[in-house]
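Structure, as structure tokens:
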Number of protein chains: 2
Amino acid sequence: MISRPPRPRERGIPDATVARLPVYLRALQALQDRGTATVSSEDLAGAAGVNSAKLRKDLSHLGSYGTRGVGYEVEYLVYQISRELGLTQDWSVAIVGIGNLGRALANYGGFGTRGFRIAALLDADPEVVGRTVASLDVRHIDNLEDVVRDKGVSIGVIATPAGSAQGVAGRFVEAGVSSILNFAPVVLNVPDGVDVRKVDLSIELQILAFHAQRRADGDGRGAERAGLEVT
Amino acid sequence: MISRPPRPRERGIPDATVARLPVYLRALQALQDRGTATVSSEDLAGAAGVNSAKLRKDLSHLGSYGTRGVGYEVEYLVYQISRELGLTQDWSVAIVGIGNLGRALANYGGFGTRGFRIAALLDADPEVVGRTVASLDVRHIDNLEDVVRDKGVSIGVIATPAGSAQGVAGRFVEAGVSSILNFAPVVLNVPDGVDVRKVDLSIELQILAFHAQRRADGDGRGAERAGLEVT
DNA sequence: CCCACTTTGTGCGTGCTTTCACAAGCGCGT
DNA sequence: ACGCGCTTGTGAAAGCACGCACAAAGTGGG
């Protein structure tokens, strides 16, 4: 096999676009709350902090939902993006590791638009198990498989120390969870077909430090590389 | 003017590379703790979850620190990456918004390698101001400018509700902070020369939901798009 | 009905990222 | 001293992503 067939991408929305859709959605919901009926790509792009051509191209991947000379109908667009992101159905989330971060996550009520329901909290520490956090009983990690099955958990959140994360990930996968959000500072090893996203505090700080240093360093001329919003 | 002069990028490390250096650094530190002296690009790439060619090219931006036939000396590489990221100096961090998340951040001791020192906690709520969190007094937000000056804060972390975030960002910038890590679900508006990074819970969940739906949807054939680790 | 104005959707050039593939370099055993 | 095996560093190719600029398409006024 010389070259695999040039990647059909059968219904392909580029990953970069997918990463921005939630931002557009939030901006749109803000507009909706303010009673705005339609919005131009220029204005929406401004609110979302992106280039308007990029926004139009992103939206064009979902179909032609705008009206030339007018703009986009806010309500309709909210619906289309929600549908595309899969927010019209309910996702059941389990959080493992109820330390400071786990508690913060559990209490973080406004999970964007609804669509996400925190179904269970799990921890290994007997000190924590049995307590009530965000009106949920914290259950022992040994019940992970049962909880996943009984509550139909489809997204697992790992907020444990680094050492336990891989083990938890493995159990999630074994139990049939194929979407994992990982806050532990380790690279998770998972089989193909499992989607892992990582959120890492200290990595973000380190990237900021790099740019800050660069700014301070070569300051024969300032701000040569700056103001970059990053997703 | 047809084309701007082709972007000198005077000491340019690509952004994509910078974003991965912290991951390499962590993997290297794990190796170091285990007493490993040298490591091949293949092994390190494995530990960091990236392609080995990519890793080598990334490292080549820092200079030629490997030995052919052998690999990279762990300790030396740790030092080089740390230096490049600016972790050999101390960064003073202020956290604004001491809710669940702010507390979690304040208590998150292991900020990667040292290099980051939490210098101050600020909040607007009189109920919270004055309390001690992570052995720091929570001070009133009105002291932001003083704190930034007195403690030499160079990185600001915003963990407030969405509504307050822009205001806090403005004050940070005004006070001379030009690196901001934003946890609030809003797009911050800052002048050029200020570096904002955003961490957003619900966006991550929405992206997971998208891929999960895709997997469930078009399952005439499974897992056509999967296993993608994302930074 | 037509014209001026607005705004979308997209073709195209450019630059960045990733990946492959391999020559050059290094260490070790003989 | 020499050759063998291993591993780096990098040219070259392919794929993506971004943003400009413009044609196409719609609106509203006269």
Side-chain angles (χ1 to χ4, degrees), chain A residues 1-9 12-21 23-24 28 36-74 76-77 80 225 227-231, chain B residues 1-9 12-21 23-24 28 36-74 76-77 80 225 227-231:
Chain A
M1 187 235 286
I2 306 297
S3 61
R4 83 194 118 171
R7 172 80 109 81
R9 194 186 262 264
I13 299 181
D15 286 350
T17 294
V18 172
R20 282 186 294 265
L21 289 179
V23 180
Y24 303 156
L28 284 164
T36 313
T38 64
V39 65
S40 71
S41 64
E42 196 68 44
D43 290 352
L44 183 52
V50 302
N51 177 297
S52 70
K54 181 152 63 180
L55 182 138
R56 287 196 298 276
K57 194 160 285 184
D58 282 344
L59 294 184
S60 77
H61 288 292
L62 316 187
S64 274
Y65 296 140
T67 309
R68 297 172 189 230
V70 178
Y72 299 89
E73 197 197 334
V74 174
Y76 188 51
L77 201 48
Q80 289 300 340
R225 181 92 190 72
L228 60 185
E229 178 89 17
V230 199
T231 322
Chain B
M1 189 236 285
I2 306 297
S3 60
R4 85 194 118 172
R7 172 76 111 81
R9 193 187 262 264
I13 298 182
D15 286 351
T17 294
V18 172
R20 283 185 295 265
L21 289 180
V23 180
Y24 302 155
L28 284 164
T36 312
T38 64
V39 64
S40 71
S41 64
E42 196 67 46
D43 290 352
L44 183 53
V50 303
N51 177 300
S52 71
K54 179 151 65 180
L55 182 137
R56 287 197 299 276
K57 190 155 282 186
D58 282 345
L59 293 185
S60 78
H61 288 293
L62 316 187
S64 274
Y65 296 140
T67 308
R68 298 173 190 230
V70 177
Y72 299 89
E73 197 197 333
V74 174
Y76 188 51
L77 202 49
Q80 289 300 341
R225 180 97 189 70
L228 60 183
E229 178 87 16
V230 199
T231 322

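Every chain is numbered from 1, with letters handed out A, B, ... down the list of sequences.
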Exercise for the section: Ignoring backbone atoms, test whether B/Tyr72 places a side-chain nitrogen or oxygen under 4.0 Å from the OP1 or OP2 oxygen of D/dG9. Expected result: yes

Practice task
Using a cut-off of strictly less than 4.0 Å, decide whether A/Ser40 has a side-chain nitrogen or oxygen near OP1 or OP2 of C/dT7.
Solution key: no

Problem - Shortest non-hydrogen contact from A/Ala48 toward A/Tyr24 - result: CB-CD2, 3.7 Å

Handout entry: From C/dT17, C/dG9, C/dT7, nucleotide with atom closest to B/Asp15 side chain
Key = C/dT17

Problem - Side chain of A/Lys54 (C-beta onward), nearest among D/dG19, C/dT19, C/dT8 - result: D/dG19

Completion exercise
Contacts of A/Ala45 meeting side chain to side chain contact (heavy atoms under 4.5 Å, CB included) (sequence neighbours excluded), chain-then-number -> A/Val50, A/Ser52, A/Leu55

Exercise for the section: Can you tell me the distance, in whole Å, between the CG atom of A/Leu77 and the C1' atom of C/dT8? Expected result: 13 Å

Exercise for the section: Check every atom of C/dT17, C/dT8, D/dC20 against the side chain of A/Ala53 and return the nucleotide holding the closest atom. Expected result: D/dC20

Fill in the blank from the handout: Atom OH of B/Tyr65 and atom C1' of D/dT8 are separated, to the nearest Å, by 15 Å

Problem - d(CG, A/Asp58; P, D/dC16) in whole Å - result: 16 Å

Problem - Nucleotide nearest A/Ser60 (side chain, heavy atoms from C-beta), chosen from C/dG9, C/dA21, D/dC20 - result: C/dG9

Exercise for the section: Please determine if a side-chain N or O atom of A/Asn51 lies less than 4.0 Å away from the OP1 or OP2 oxygen of D/dC20. Expected result: yes

Practice task
Measure the distance from NE2 on B/His61 to P on D/dT8 and round it to the nearest whole Å.
Solution key: 16 Å

Practice task
Return the 5'-most residue of the pair B/Leu59, A/Val50 with respect to DNA chain D, ranking by each residue's nearest nucleotide.
Solution key: B/Leu59

Practice task
Measure from CD on A/Glu42 to P on C/dG9 and round the result to the nearest Å.
Solution key: 14 Å

Exercise for the section: Not counting sequence neighbours, list each pair that qualifies as a salt bridge (Lys or Arg N to Asp or Glu O under 4.0 Å) and has a residue in residues 52-65 of chain A. Expected result: A/Arg20-A/Asp58

Handout entry: From C/dT18, C/dC20, D/dT8, nucleotide with atom closest to B/Ala16 side chain
Key = C/dT18

Fill in the blank from the handout: Closest non-hydrogen atoms of A/Leu77 and A/Leu59, given as atom of the first, atom of the second and distance, are CD2-CD1, 3.8 Å

Problem - Between D/dC16 (C1') and A/Ile13 (CD1): distance, integer Å - result: 16 Å

Exercise for the section: Considering just the side-chain nitrogens and oxygens of B/Ser41, establish if one lies under 4.0 Å of OP1 or OP2 belonging to D/dT7. Expected result: no

Practice task
Among D/dG19, C/dT7, C/dT19, find the nucleotide with the atom closest to the side chain of B/Lys57.
Solution key: C/dT19

Problem - Closest contact, heavy atoms only, A/Val74 versus A/Leu28 - result: CG1-O, 3.6 Å

Handout entry: Rounded distance in Å - CG (A/Leu44) to C1' (C/dT6)
Key = 17 Å

Handout entry: Toward the 5' end of DNA chain D, by each residue's nearest nucleotide, A/Thr17 or A/Arg56
Key = A/Thr17

Problem - With B/Tyr76 via side chain to side chain contact (heavy atoms under 4.5 Å, CB included) - residues at least two apart - result: B/Tyr65, B/Glu73, B/Gln80

Practice task
Heavy atoms under 4.0 Å is the rule here; annotate nucleotides 23-30 of chain C 5' to 3' with B where the base is hit, S where only the sugar-phosphate is, and - elsewhere.
Solution key: -BBBS---

